[in-house]
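Reminder, nothing fancy here: chain letters follow the sequence lines and each chain counts from 1.
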Amino acid sequence: AAGVIQSPRHLIKEKRETATLKCYPIPRHDTVYWYQQGPGQDPQFLISFYEKMQSDKGSIPDRFSAQQFSDYHSELNMSSLELGDSALYFCASSYLPRGSGNTIYFGEGSWLTVV
Amino acid sequence: AQKVTQAQTEISVVEKEDVTLDCVYETRDTTYYLFWYKQPPSGELVFLIRRNSFDEQNEISGRYSWNFQKSTSSFNFTITASQVVDSAVYFCAGWGAQKLVFGQGTRLTINP
């Protein structure tokens with residue numbers, strides 16, 4: 001079965017640079033989530049999209065932005081990178097009628113290292 | 001706001017032992033959903049199980065079993081006859097406010 005596809009898998013950037021992560025959800029899934037997991041931490045919710053509209057926002061820095069495109073893929077843009085942005089970034093998707101707790105499937109993650 | 005507590009930070013057992021990972025979920029919602037995910041050293045998050053709050057039946061899948069008790073808001077995960085490949089970080093998570101909230105995770109090490 002198709003899974004959530006994330007690219008790139010690994011990324012090294014310098015401070016103050018910009019990075020873009022891409023996510024392709026499971027076909028027919030209408031909701032995409034972005035999570036950030038720092039070293040030794042649990043994943044923290046950043047932002048979500050439902051049917052291409054921003055659905056919810058978590059602890060996402062103002063330097064970060066995201067969108068979901070007409071083909072349902074999503075991109076997370078991170079600007080003015082800081083050392084503290086080094087983390088594992090997950091994209092996840094689900095088919096999610098509002099209010100239900102359908103299963104959320106995660107991609108393999110994108111490792112971002114800021115040097 | 002909901003809160004997921006995994007009191008065990010790290011557990012280390014010898015292969016073939018049984019091990020139980022604890023999870024407590026706090027929420028004001030009467031209907032909620034709980035999940036377990038496995039994160040092996042390679043980093044991906046692997047879905048293991050989803051449970052609705054109105055279904056208190058225990059579930060078994062091979063060597064894995066889950067015990068949900070609504071009265072104590074606990075959703076514990078037991079691995080029977082553990083194997084080295086079970087070594088990973090295990091996260092309990094709760095669905096609330098249109099997003100998944102994770103516990104702190106339990107690092108499980110199975111020693112040969």
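Atom CG of A:D71 has more than 12 heavy atoms from other residues, nucleotides or ligands within 6.0 Å. Around atom NZ of B:K70, more than 12 heavy atoms belonging to other residues, nucleotides or ligands sit under 6.0 Å away.
Both A:I26 and A:Y35 belong to a single network of hydrophobic side chains, linked directly or stepwise wherever heavy atoms of I, L, V, M, F, W or Y lie under 4.5 Å apart. Taking hydrophobic clusters as Ile, Leu, Val, Met, Phe, Trp and Tyr residues chained together by side-chain heavy-atom distances below 4.5 Å, B:W95 does not share a cluster with B:L34. Transitive grouping of hydrophobic side chains (ILVMFWY, heavy atoms separated by less than 4.5 Å) keeps A:Y24 and A:V4 in distinct clusters. Taken together through direct or relayed side-chain contacts under 4.5 Å among Ile, Leu, Val, Met, Phe, Trp and Tyr, B:V89 and B:I11 form parts of separate hydrophobic clusters. A single hydrophobic cluster is not seen to contain both B:F102 and B:L108; linkage of ILVMFWY side chains at heavy-atom distances under 4.5 Å, directly or through other members, places them apart.
Using non-hydrogen atoms only and a strict 4.5 Å limit, the part of residues 36-48 of chain B facing chain A consists of B:Y37, B:Q39, B:S42, B:G43, B:E44, B:L45, B:F47.
Closest of all the heavy-atom pairs between A:I104 and B:F35 is N-CE2, 4.3 Å. Shortest non-hydrogen contact noted between B:F91 and A:Q41 is CZ-O, 4.0 Å.
In this structure, no portion of A:Q44 lies under 4.5 Å from any heavy atom of chain B.
Considering A:Y33, A:F45, A:F106 in turn, A:F106 is the only one that fulfils the side-chain contact (heavy atoms from CB on, under 4.5 Å) rule with B:L100.
When hydrophobic residues (I, L, V, M, F, W, Y) are linked wherever their side-chain heavy atoms come within less than 4.5 Å, the members clustered with A:I60 are A:L11, A:L21, A:V32, A:W34, A:L46, A:I47, A:F49, A:F64, A:L76, A:M78, A:L81, A:L83, A:Y89, A:L112, A:V114.
Contact annotation: the side chain of A:T103 approaches that of B:R50 to within less than 4.5 Å [non-hydrogen atoms, C-beta and beyond].
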